[in-house]
Amino acid sequence: MARALLVSYPGYPSSPRHLVASNWLANLAGALIGAGHEAMIVDYGTVSMMRRLFPEAISAQLKPLGVGLMGGGGQPDPEQLAKLQEWSAQLDAHQEQTVFEIGSELVAQSRRWQPDLVAFELSDGDGYAGSVHLAERMREEFPDLHITAGGRKACWFRGIIFRSTPAFDTIIFGDPEDVIVKLADTSDGAAGLQETPGIVCQTGKQIVEHPRDESVDLDSFPMPVYDPEVYPAMAGDDKIKMVILTDSRGCSNRCAFCVHPMEDGGRQRTASPGKIVDTMQHLQQRHGISVFRFGGASTPGDLMYAVAQEIIDRGLDIEYNSFGHFRTSNPDHFEVMARSGLYSIFFGLESGSQEILDQAVHKGIRLEKVRETLMAAQAAGIFSAASMIVPLPFDTPETLAESMEFVKELRPDSVPLQFPGVFPATPWIEKPEKYSIEIDDVDEYLFSNLDYKVKLLFPPQFWEPLPYKINGMAFHEMTAVTMQFAAELEAAGILTNFSHTLASIARSAGMEPRQLRNMAQLWCVTGDAEAMGGLVRRANEAIICN
């Protein structure tokens, strides 16, 4: 039997969704315990950590300015900008010192618990940098301990991470439940790393990637573990107790911008409707949890419909939200899915111009189907988010105007909006010239993305510019187009930058979507952990059915 310490340091939260319970940690704990090993979860993505990472002195000074800027909807003037830059530098220094203190605490906890294996869930920005620091502290103190890393960031960047740090022995990109058990068995001397699919390891200067096993049945994984004895952050109201379910993995779509096929595999696997609903029922009976999110990148419409029928047949009183895909959704199914508890759904629209969809996105959808699907979902009472990327390759003022007109006519419940990102193993980065994308050095660009940090106190035009161009536009020009598009949607009364997950959190907390969007943004920017904690408590009161 081996002991595995499972650690997540996601950094300072920029949204309430970053406080949702980690399914990666809970799934690994379930797999380890099911295989006869021990697991302990250390999750720093909590309200308590938000409070710790943001000094009250800076928060008190920021609150009046934050309220003023939000109320006026304007940009900071030169004097305000200077103040923000000063506070941002102080905040960076404070958070760096806090991570150093956390490293000492993690080392002390490890000395007490004496793990045989440590696994870090890697996330973006300061979460990545902080996780690397914690792993390096553990490496210094326990040179013979096997330290691995997984999560979305690890799946995307894999061997590139070894350039960033010598702290990790392995990087997990395959099914983490399967891999973590094999690594735990290895620590017992029962197997060798060469027999472990879905990992990257380094021997000297050589980096070896063992292909993932895409034949593993998702139904074979044990139930996730959210017991506070194993997952202490789940006690009280430090986490939003919405659970993310493993409904599917992998994506057979080949959208030109999307990294999901690399993250979870290019062949889509689905859990059975029975196993998905078994998990819901188990967690409701064991913990009272009644709100869930499907974790798949593109949950098939037929699977959602089958799950809905299973929920209704069992008479379960639950609520859930999910990604969807316009191509696989059947408009006739939404009424049944809404009746089963589907509250909100996220669709990737990307553009309202058929020309741009075909030329730059390769999503395989027609705008006629988009219109039919979204209208049916909304008619069934399902909160429907349609995400967009603005600007896209080949976008012109004319195609952007076409997109704007389409969205204003369609009127989704929200439009999560983002500027175009260029990610590993996507057609955009593999053949950038085909998509009007300019990147001087792809390897250096990817390396610089490992710890790219969003400057929370500033709008995107003040962030560190990413070194690529699209349609000849540099980073700040691109983000200016994005911000202008968002402003026009908001002026038309269409909510932006609000996901299906946030919609579910707002419902649980008894808040209107726009109210939650505005207040949560203010709370994150000004470090108001007390207000965020109140949101989490209210949400959990609705999520937990005793």
Side-chain angles (χ1 to χ4, degrees), residues 1-10 21-46 49 99-123 127-128 130-151 153-154 161-162 165-193 195-196 198-202 221-222 224-235:
M1 180 184 72
R3 286 185 155 193
L5 191 66
L6 310 175
V7 183
S8 178
Y9 176 80
S22 168
N23 61 313
W24 191 85
L25 297 172
N27 288 347
L28 264 62
L32 286 160
I33 292 168
H37 300 291
E38 289 187 59
M40 176 60 69
I41 292 173
V42 181
D43 186 350
Y44 295 108
T46 63
M49 187 52 58
V99 172
F100 184 85
E101 294 166 1
I102 293 169
S104 298
E105 295 163 11
L106 185 63
V107 166
Q109 181 174 359
S110 298
R111 289 198 185 283
R112 292 191 299 271
W113 202 64
Q114 297 186 338
D116 304 290
L117 169 68
V118 179
F120 284 88
E121 180 181 20
L122 300 185
S123 51
Y128 177 82
S131 298
V132 166
H133 173 81
L134 297 179
E136 288 174 347
R137 287 290 303 276
M138 292 289 286
R139 173 61 65 219
E140 291 171 8
E141 297 292 332
F142 309 103
D144 298 325
L145 184 63
H146 189 105
I147 303 177
T148 189
K153 195 82 170 184
I161 293 170
F162 289 123
T165 177
F168 302 115
D169 296 290
T170 52
I171 305 295
I172 299 171
F173 68 91
D175 288 320
E177 301 90 342
D178 200 37
V179 174
I180 199 71
V181 169
K182 288 182 170 64
L183 293 179
D185 290 342
T186 299
S187 71
D188 275 353
L193 288 180
E195 300 172 15
T196 306
I199 65 167
V200 185
C201 51
Q202 185 173 23
F221 297 133
V225 172
Y226 290 92
D227 301 51
E229 296 79 13
V230 175
Y231 195 160
M234 289 297 287

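What you see is a predicted model, and the numbers here were worked out from it, not measured in a lab. Along the sequence shown, residues carry numbers from 1.
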Output all residues satisfying side chain to side chain donor-acceptor pair (under 3.5 Å) with [X], sequence neighbours left out; order by chain, then residue number.
X    : answer
R111 : E141
E105 : R52
Y9   : none
T170 : H146, T148

Any idea which heavy atoms bring [X] and [Y] closest together, and the distance?
X    : Y    : result
E121 : S22  : OE1-OG, 3.0 Å
A149 : A154 : O-CB, 3.9 Å
S131 : L122 : CB-CD2, 3.7 Å
I147 : A135 : CD1-O, 3.9 Å
S110 : P115 : O-CD, 3.4 Å
W24  : G151 : NE1-N, 3.4 Å

Apply side-chain contact (heavy atoms from CB on, under 4.5 Å) to [X] and list each qualifying residue two or more places apart in sequence or on a separate chain.
X    : value
V225 : A29, I33, D227, V230
E140 : R137
T165 : V132, E136, I161, A167, F168
Q114 : none

- Between the side chain of Y128 and the main-chain N/O of P10, is any donor-acceptor distance below 3.5 Å? no

- Between the main-chain N or O of L145 and the side-chain N or O of R139, is there a donor-acceptor pair closer than 3.5 Å?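 Pair found, side chain donor or acceptor close to backbone of L145.
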
From [atom1] ([X]) to [atom2] ([Y]), nearest 0.5 Å:
X    : Y    : atom1 : atom2 : result
L106 : W113 : CG    : CH2   : 11.5 Å
R112 : M40  : CZ    : CE    : 10.5 Å
I199 : T196 : CD1   : OG1   : 5.0 Å
Q109 : S104 : CD    : OG    : 13.0 Å

- Determine, step by step, whether Y44 and I102 satisfy the side-chain contact (heavy atoms from CB on, under 4.5 Å) criterion, reporting the C-alpha distance in whole Å, the side-chain angles of both residues, the deciding distance to 0.1 Å, and the verdict. CA-CA 9 Å; Y44 295 108; I102 293 169; 3.4 Å; yes

Side chains of [X] and [Y]: does their closest heavy-atom pair fall under 4.5 Å?
X    : Y    : value
V118 : F142 : no
L117 : L5   : no
Y231 : L6   : no

Can I get a per-line list of side-chain donor-acceptor pairs under 3.5 Å for residues 173-180, giving both atom names and the distance, sequence neighbours left out?
from : atom 1 : to   : atom 2 : distance (Å)
D175 : OD1    : R249 : NH1    : 3.0
D175 : OD1    : R269 : NH2    : 3.0
D175 : OD2    : R269 : NH1    : 2.8
D175 : OD2    : R269 : NH2    : 3.3
E177 : OE1    : R249 : NH1    : 3.0
E177 : OE1    : R249 : NH2    : 3.4
E177 : OE2    : R249 : NH2    : 2.7
D178 : OD1    : K182 : NZ     : 3.1
D178 : OD2    : K182 : NZ     : 3.1

- Message: Test: salt bridge (charged side-chain N to carboxylate O under 4.0 Å, His left out). Region: residues 22-44. Which pairs qualify, not counting sequence neighbours?
- Response: R3-E38, D43-K239

- Check the pair Y226 / N23 against side-chain contact (heavy atoms from CB on, under 4.5 Å), numbers first and verdict last. CA-CA 9 Å; Y226 290 92; N23 61 313; 3.8 Å; yes

- With no hydrogens and no angle check, do the side chains of H37 and D116 hold a donor and an acceptor under 3.5 Å apart?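 No donor-acceptor contact under 3.5 Å links the two side chains.
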
